[in-house]
Each structure stands twice: as structure tokens, then as C-alpha cells.
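Comments concern the structure below.
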Amino acid sequence: MTRTSLVVLTVVLAGCHMIPTTRDPTTPNQALAIEAAYRMTAKKGVRLDAVIFDERDIDGGGKAAAWAECGQYVIGFSRWNLEREYVTPEYIDALAAHETCHIYYKDNLPC
């Protein structure tokens, strides 16, 4: 992805009230999530433009741990969920694989 494409995607996501994409993970689990998302989409042959993190599950209300962003080739992860005590690399792989399938089968494109 070119620098210009990344800037455009960040602006689009920010305009849709999303946290901008991150290239530098702030926790080890975020690094695992980025790696898992790109690995899973590569296995399935799915386009992935970005991995995002936000606070969707900050209240613990059972909201999404991960999601495929509607209309975008983006996988999002809940910062709150990724730092839970039960999170393992296998759990992160499963989240990434699940969201990859949503993009692959276009369940969320368009919503």
C-alpha cells in the first residue's frame, strides 16, 4: 500500500468515526492481531487494507471482540478485549480468521 493510499484510508475511516489505523502496535497482543489479520487474509486471498483498534468493548457489554469494517477491507479489534486474561495467540488467530471470512464472503460489503 502506498503512503497516499494509507493517508486516504485513514481520512475515510476517521470520517466514519473510526480510530485511525495503526502501524505501530502498542501492546504485544496488538502486534499479534496485526500479524494474524494479514496472515489469515493472505491464506484466503483476501484484500486487507488496514487493521484498526478501538474501544468498542470498553464497558464489557458483550460487544464485538473483532469485526470486518462495513464496506471496507479492514479488520478491527477491540483494544479492551485483546488485553483480557483469557486471550491467547490462538484466540487472536480465530478472531482474525472469522473476520477474514466476513470479508471473503462479503457478508459486510455492503452492509
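Keep in mind that this is a model prediction, so the values were computed, not measured.
Of all heavy-atom pairs spanning T41 and Y38, the tightest one is OG1-O, 3.2 Å. The two residues F77 and A66 have their closest heavy-atom pair at CD2-CB, 3.9 Å. Taking all atoms of both residues into account, the shortest heavy-atom contact from V87 to N29 is CG1-ND2, 3.8 Å.
No path of Ile, Leu, Val, Met, Phe, Trp and Tyr side chains, each step under 4.5 Å between heavy atoms, connects M40 with V51, placing them in separate hydrophobic clusters.
You'll find the side chain of R47 stays beyond 4.5 Å of the side chain of Y104, heavy atoms only. Looking at heavy atoms from C-beta onward, I52 lies in side-chain contact with E69 at the 4.5 angstrom threshold. Counting heavy atoms from C-beta outward, W67 and S78 have side chains that approach closer than 4.5 Å.
Residues in residues 65-99 take part in these disulfide (SG to SG under 2.5 Å) pairs, two or more places apart or across chains: C70-C111.
Under a 3.5 Å cut-off, the side chain of E35 and the backbone N or O of A31 do not form any donor-acceptor pair.
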request  = Show the numbers, then the answer: is there a side-chain hydrogen bond (donor to acceptor under 3.5 Å, both in side chains) between Y91 and N81?
outcome  = CA-CA 11 Å; Y91 176 82; N81 190 279; 3.1 Å; yes

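Taking CD1 of I34 as the start and CG of L48 as the end, the distance is 10.5 Å to the nearest 0.5 Å.
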Run the side-chain donor-acceptor check on residues 92-103: report pairs under 3.5 Å with partners two or more places apart or on a different chain.
from	atom 1	to	atom 2	distance (Å)
D93	OD1	R39	NH2	2.8
H98	NE2	H102	NE2	2.8
E99	OE1	A68	N	3.0
T100	OG1	A96	O	2.7
H102	ND1	D107	OD2	3.3

